[in-house]
Amino acid sequence: MSVHAAVDGSGAAASRPVTIHDLATARRDGERFIMVTASDASSGAILDEVGVPVILVGDSLAMVALGYDSTLPVTLDEMLHHTRAVTRGVRRALVVGDLPFGSYQAGPTAALHAATRMLKEAGAGAVKLEGAGRTVESTALLVEAGIPVMGHLGLTPQSVHQFGGFRVQAKDDAAADRIVSDAVELADAGAFAIVLECVPESVGRRVTDAVDVPTIGIGAGQHTDAQVLVWHDLLGLTTGRLPRFVKAYADLRSEISAAVKTFASEVADGEYPGPEHTYGG
Ligand code: KIV
């Protein structure tokens, strides 16, 4: 089955849920795919209807949906709440729940506890954890427990204070080598895919060549197996200075403003509600 079955309109196969094995097949077949974030049932349902194979309930929702200036404040309970909403709207896509800052850094046991809740209480099909080192051990334990794990390397936003801001990572050879070896360790520990955020294109290519699981880039150039964007960025809902890698495929912020202004003026003019919106009797 193509991971894009629903997009191609190729029929019955589209109803089968996407699994981590379909993503491995896509990588093997050189089929590039996308992942998009969602934080509620309606965004999840739209992505699912369009045929997006992987939906990430990313902790970026702390910034784009909850108004924080980093991903650090969002709690596991809040992530579970949003993931539950998304899984209620999704029939086919693989839903990946992000484990938030503080829920797994204590080590494999904490990670197992948080990840178990993500699958059991929120219906996610996989979890995402940032970083390497201890996260590699946690990945191995989760995979052994039957929980699919997506890794995340490069600019890992939960470490923003250590990085001193949201900056491009792995700019020198030593740091690039380190990301490649971290990716190999994560893949060896059983991660089914690895997100690479904000690294030079050459690093995206090196990691993709070094591992045999799909790489999913965001600001990692052309040579990853897949690309991910945050819903609000993709649709032109975010304001302010955006990272270079963001491409807005719509300008929904302007469309929403125009729609709300029209609503206000129609109410002011007595044009809405019209007879077609009004109950008789
Ligand atoms: O939280 C998120 O949205 C993410 C993506 C940027 C990969 O981790």
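Remember, it's 1-based here, ligands and their atoms both numbered in the order they're listed.
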Nearest heavy-atom approach of Ile218 to Leu229 is CD1-CA, 4.4 Å
Applied to residues 152-161, the side-chain hydrogen bond (donor to acceptor under 3.5 Å, both in side chains) test, sequence neighbours excluded, yields Asp59-Gln158, Tyr104-Gln158, Gln105-Gln158, Lys128-His152, His152-Glu197
The single option from Leu196, Val203, Val207, Val180 that satisfies side chain to side chain contact (heavy atoms under 4.5 Å, CB included) with Leu153 is Leu196
Exercise. Counting heavy atoms not belonging to Arg84, are there more than 12 under 6.0 Å from its CZ?
Worked result: yes
What donor-acceptor contacts under 3.5 angstrom involve side-chain atoms of residues 264-278, with partners at least two apart or in another chain?
residue: Ser265; atom: OG; partner: Thr262; partner atom: O; Å: 3.2
residue: His277; atom: ND1; partner: Gly274; partner atom: N; Å: 3.3
residue: Thr278; atom: OG1; partner: Gly274; partner atom: O; Å: 2.7

Contacts satisfying salt bridge (Lys or Arg N to Asp or Glu O under 4.0 Å) that involve residues 224-236 (not counting sequence neighbours) are Arg27-Asp225
Pocket residues around ligand 1 (non-hydrogen, under 4.0 Å) come out as Thr37, Leu56, Gly58, Asp59, Ser60, Asp98, Lys128, His152, Val195, Glu197, Ile218, Val230
